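Worksheet for the structure shown next.
Because only heavy atoms are used, hydrogens play no part in the values below, and waters and symmetry mates are left out as well, while side chains stay in. Model, not experiment: these values are computed from the prediction. Both ligands and their constituent atoms are indexed starting at 1 by order of listing.
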Amino acid sequence: MRVLIVLPLLFSLSCGWKIFHLGKFRGPKSEVSPSRAFPDLWFDQKLDHFDPTSNTLWKQRYFVNDEFHETGGPVFLMIGGEGKADPIWMEQGMWVEYAKQFKALCFQVEHRFYGKSHPTENSSVKNLVYLSSEQALADLAYFIRQMNKKYSLPRGTQWVTFGGSYPGSLSAWMRLKYPHLVHAAVSASGPLLAVSDFSEYMRVVRDSLATHSDECVSAVAEANKQFEILLRHRIGQQRIDKLFNLCDSVVDSSKNDISNLYETLAGNFAGVVQYNKDNRQFEGAIDANITIDVICDIMTKSSIGSAVTRYAAVNDLLMKTYDQKCLDYKYENMINEFRNETLEGATGAGMKY
Ligand SMILES: *[C@@H]1O[C@H](CO)[C@@H](O)[C@H](O)[C@H]1NC(C)=O
Ligand SMILES: *[C@@H]1O[C@H](CO)[C@@H](O)[C@H](O)[C@H]1NC(C)=O
Ligand SMILES: *[C@@H]1O[C@H](CO)[C@@H](O)[C@H](O)[C@H]1NC(C)=O
């Protein structure tokens, strides 16, 4: 079986699979101007591939680049993930170099429920039954069959799927589930085994910080110790409010709020590690120059102050980068963002970029 797993690489096409957590502090990307060369194209997609009695259709967005294609060449399919599909990928990224080499026809398909691909009018709980990786894979299988017809591709045309992160999983699963449609799959950083309570993730973050220095790792540990002590008394809590520029005081905050605050601050580091030097500038990333070295230089610079003060300085740097006025760590606010059922123009925690 030709499933190529490229683990160390992390495409940002999908913004990374930790977006659920990172979304709120990986700030908005600067708006990339719509590509004139690659306009929005629309595909009549089935709403429910697993109900033969349903023939409801919706418009799924896709992009095509046929400038490298020669008859008999393969078809490359970039799989969209949990974010809006960006046409910049039709002219940039390693797969475009491969497309030139192999004279491939290139497609990118936006994942259902993201960007402009709305299978239903909103994301109510009732409608979310149609948001699944199984339906997304079936979307792609149907897309492949229809494009083979639309472009009159010769029998035996080889389709190769590409994807990074969650779409990396989809890419591998496409080859596994539809071997008669997909000749080969490139799966970059595709998580294939689901793990709950995934503490190993933070262990990788720690090991990555250690590539700068052991001092960086111990400074983060020390900062957390000091943070915990500050949390125990009112004066300390007020100091935390100031240090971390909180929108709401931690005085009298709930247990869930405190958990969320810890997670948000740890997420500062997790986010930088996950996207370290991954060349996302072409996608409009505004945080590309905040690297492991930058935050570890701060964590190990004792002239800034105590470990917790340095921890706050890292937070300041990220808030400034994302133009955040104050740090919203309230659990209820986060839940309310997820409750928002609007698909049109949605950004934020609902992941519908
Ligand atoms: C969400 O969409 C459904 C139809 O799919 C509709 O019945 C419902 O009223 C919508 N909810 C809101 C809040 O607009
Ligand atoms: C990152 O780049 C921005 C924009 O050029 C600049 O203002 C900022 O100082 C840089 N930050 C670091 C840590 O290099
Ligand atoms: C829900 O999200 C939409 C799109 O981002 C936004 O315009 C709207 O204000 C949000 N609604 C609430 C109640 O926050």
Side-chain angles (χ1 to χ4, degrees), residues 12 15 19-20 23-32 45-48 51 54-61 82-84 110-132 135 208-209 212-213 216 219 247-248 268-269 271-301 303-304 309-326 328 330-353:
S12 61
C15 316
I19 192 73
F20 172 80
K24 56 189 186 295
F25 25 84
R26 304 304 293 180
K29 292 191 284 186
S30 66
E31 198 53 48
V32 178
Q45 186 57 272
K46 295 180 185 178
L47 175 63
D48 189 348
D51 177 2
S54 156
N55 45 24
T56 307
L57 299 175
W58 57 283
K59 298 277 182 200
Q60 184 165 31
R61 181 163 65 153
E82 72 281 25
K84 78 173 189 314
E110 190 167 65
H111 196 290
R112 51 167 64 205
F113 283 99
Y114 296 95
K116 296 181 180 174
S117 295
H118 303 158
T120 55
E121 67 173 270
N122 59 44
S123 57
S124 65
V125 171
K126 209 168 158 225
N127 285 335
L128 282 178
V129 72
Y130 300 111
L131 176 57
S132 70
Q135 295 281 6
S208 304
L209 298 178
H212 173 277
S213 60
C216 183
C247 303
D248 303 278
N268 284 339
F269 288 77
V272 170
V273 165
Q274 178 157 330
Y275 296 95
N276 191 52
K277 298 183 181 171
D278 77 346
N279 297 324
R280 284 172 309 125
Q281 289 91 329
F282 77 86
E283 265 199 319
I286 54 177
D287 52 3
N289 64 354
I290 317 274
T291 60
I292 290 174
D293 287 341
V294 169
I295 59 171
C296 278
D297 283 350
I298 295 173
M299 284 313 297
T300 53
K301 193 170 174 186
S303 65
I304 294 173
T309 307
R310 290 174 244 157
Y311 202 55
V314 169
N315 187 56
D316 273 348
L317 173 62
L318 289 164
M319 285 180 61
K320 208 172 82 207
T321 303
Y322 306 135
D323 207 17
Q324 279 174 290
K325 303 281 172 272
C326 59
D328 183 3
K330 283 290 184 187
Y331 181 78
E332 198 59 23
N333 292 349
M334 178 183 74
I335 296 299
N336 280 334
E337 273 190 62
F338 284 114
R339 282 192 182 122
N340 189 330
E341 296 177 355
T342 308
L343 284 173
E344 203 63 56
T347 56
M351 306 181 284
K352 293 158 288 195
Y353 290 87

Without swapping roles, check the side chain of [X] against the backbone of [Y] for a donor-acceptor pair under 3.5 Å.
| X | Y | value |
| --- | --- | --- |
| Asp328 | Lys330 | yes |
| Asn122 | Glu341 | no |
| Arg112 | Tyr130 | yes |
| Ser117 | Arg61 | yes |

What protein heavy atom sits nearest atom 13 (C) of ligand 1, and how far away is it?
->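 The answer is Glu341 OE1, 3.9 Å.
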How close does the nearest protein non-hydrogen atom get to atom 8 (C) of ligand 1, and which residue and atom is it?
->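 Its nearest protein heavy-atom neighbour is Asn122 ND2, 3.8 Å.
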Right, does atom 5 (O) of ligand 2 have protein non-hydrogen atoms nearer than 4.0 Å?
->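 Protein heavy atoms within 4.0 Å of atom 5 (O) of ligand 2 - there are none.
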Counting only non-hydrogen atoms of the protein, does one fall under 4.0 Å from atom 2 (O) of ligand 1?
->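 Flag for atom 2 (O) of ligand 1 set to true, protein heavy atom closer than 4.0 Å.
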Part of Glu344 with heavy atoms under 4.0 Å of ligand 3, whether side chain, backbone, both or neither =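 For Glu344, only backbone atoms sit under 4.0 Å from ligand 3.
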Interfacing atoms of ligand 2 (cut-off 4.0 Å, heavy-atom, Asn289) |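 Selected atoms, number and element: 1 (C), 2 (O), 3 (C), 8 (C), 10 (C), 11 (N), 12 (C), 14 (O).
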Pull out every atom of ligand 1 sitting under 4.0 Å from any heavy atom of Asn127, numbered as shown with elements.
->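 So the answer, numbered in order with elements, is 2 (O), 5 (O).
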With distance as the sole criterion, is a donor-acceptor pair present between the side chains of Thr342 and Asn340 under 3.5 Å?
->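 Yes, side-chain donor-acceptor contact under 3.5 Å.
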Charged N to carboxylate O below 4.0 Å: is that the case for Glu110 and Lys59?
->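 Salt bridge between Glu110 and Lys59, a charged N being under 4.0 Å from a carboxylate O: no.
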